[in-house]
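One structure is given below, encoded as structure tokens.
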Amino acid sequence: MGTQQTTHTVSTALFGKTQRGLLALLFARPYKSFYLREIVRTAGIGQGAAQRELARWVEAGLLVRTRRGNQVHFQANAESPVFEELRSLAVKTAGVADVLREALARLAKRINVAFIHGSLARRAERAASDVDIVVVGAASFGEVVAAIRPAQDAIGREVNPTVYPASEFRAKLQARHHFVTSLLKTPKIYLVGSEHELKQLGA
């Protein structure tokens, strides 16, 4: 079955709590601006630390700062030369993927492989885009839905799981079922397991 990191995720190894919170909020949802209190509340970080880090990111050109009435808003700067890299990192680590990895962690021993596919994996998502995931293994659809329900609130998107027992997924691969075989060719962000586990299902 799939393996799960137990000590550090990529984001905790690379960033402190405040940086992770800002990365997840601002770069996983780059189409939206946030005001300070909203950032502090949503990201779960201290106001003083948030103010200092936001000022640094604005100075570095990573964020755009705008005033709307009495509120100062911050938004990811799409013109930054590292915007795409930070957005990709946010989705794969501190943002959507890490939240879903944590949500599926208690089921990981019963999952062969799980991954995000669709517009988010292709980095073609819009503000209203759902998160499409595939889960293959012994965990049932009901268990997966229950596990990811809290994650939907955290990431601010609806999560649509497609769940297959390993035997059914193998059978569909062998029968060259269009949807299942197309998954092998499309971009993916792995939540449990890796390309290796996915290829083993087709062996």
Side-chain angles (χ1 to χ4, degrees), residues 1-14 20-21 23-25 28-29 42-44 87-126 128-203:
M1 293 294 179
T3 57
Q4 193 71 22
Q5 293 173 321
T6 56
T7 306
H8 287 290
T9 63
V10 172
S11 63
T12 60
L14 290 177
R20 290 198 311 273
L23 184 69
L25 182 64
R29 291 181 246 180
T42 307
R87 184 171 77 147
S88 176
L89 192 62
V91 170
K92 292 178 181 177
T93 60
V96 175
D98 258 7
V99 172
L100 289 173
R101 285 187 193 105
E102 185 176 342
L104 292 173
R106 65 185 179 86
L107 299 176
K109 290 183 178 180
R110 298 171 55 222
I111 294 174
N112 294 73
V113 67
F115 53 84
I116 298 170
H117 69 101
S119 62
L120 196 69
R122 295 193 308 271
R123 290 192 290 177
E125 80 279 7
R126 299 179 180 180
S129 295
D130 295 341
V131 181
D132 299 311
I133 68 171
V134 169
V135 178
V136 182
S140 70
F141 179 79
E143 288 174 316
V144 171
V145 169
I148 64 176
R149 188 175 294 121
Q152 293 188 127
D153 295 332
I155 64 179
R157 295 175 185 266
E158 186 174 342
V159 181
N160 297 321
T162 302
V163 181
Y164 295 102
S167 57
E168 182 183 352
F169 193 83
R170 285 194 187 96
K172 287 184 179 293
L173 279 177
Q174 291 169 1
R176 303 199 60 78
H177 183 276
H178 175 71
F179 175 70
V180 171
T181 55
S182 70
L183 290 172
L184 302 180
K185 306 170 187 175
T186 58
K188 291 172 282 294
I189 299 171
Y190 287 94
L191 305 173
V192 178
S194 65
E195 190 81 20
H196 175 70
E197 281 78 16
L198 183 60
K199 287 181 177 178
Q200 279 190 323
L201 289 166

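Just so it is clear, the structure is predicted and the values come from calculations on it, not from any experiment. For reference, positions follow the sequence shown, starting with 1.
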- Item | Short side-chain to backbone donor-acceptor contact, Arg101 and Tyr190, under 3.5 Å | yes
- Item | Least distance between heavy atoms, Gln152 atom then Val159 atom | OE1-N, 2.7 Å
- Task: Check whether any side-chain heavy atom of Leu191 sits under 4.5 Å from a side-chain heavy atom of Ile111, and report yes or no.
- Result: no
- In terms of heavy-atom contacts, Ala103 and Ala151 come closest through CB-CB, 4.1 Å
- Item | Val99 backbone acceptor or donor facing Glu102 side chain under 3.5 Å | no
- Between Gly118 and Asp132, which heavy-atom pair has the shortest distance, and what is it? CA-OD2, 4.5 Å
- Message: How long is the straight-line distance from CZ of Arg106 back to CD of Glu143, given to the nearest 0.5 Å?
- Response: 7.5 Å
- Message: Rounded at 0.5 Å granularity, tell me how far CZ in Arg170 sits from CD in Gln200.
- Response: 8.5 Å
- Separation between OG1 of Thr162 and CG of Leu183, rounded to the nearest 0.5 Å: 8.0 Å
- What do the steps show when you test Leu198 against Phe115 for side-chain contact (heavy atoms from CB on, under 4.5 Å), and what is the final call? CA-CA 10 Å; Leu198 183 60; Phe115 53 84; 4.1 Å; yes
- Item | Separation between CZ of Arg29 and OG1 of Thr42, rounded to the nearest 0.5 Å | 7.0 Å
- Query: Could you give the distance from CD (Glu168) to CG (Leu173), rounded to the nearest 0.5 Å?
  - Reply: 11.0 Å
- Item | For Ile148 against Pro161, the heavy-atom pair lying closest together | CD1-CG, 3.8 Å
- Do you know which two heavy atoms are closest between Val135 and Ile133, and how far apart they sit? CG2-CD1, 4.1 Å
- Task: Supply the atom-to-atom distance Gln174 CD to Leu201 CG, rounded to the nearest 0.5 angstrom.
- Result: 10.5 Å
- Item | Mutual orientation of the aromatic rings belonging to Tyr164 and Phe179 [parallel < 30°, tilted 30-60°, perpendicular > 60°] | tilted
- Message: Testing the basics here: between Ala139 and Leu107, what is the closest heavy-atom pair and its distance to 0.1 Å?
- Response: CB-CD1, 4.3 Å
- Message: Please check: side-chain N/O of Glu197 versus main-chain N/O of Asn112, any donor-acceptor pairing under 3.5 Å?
- Response: no
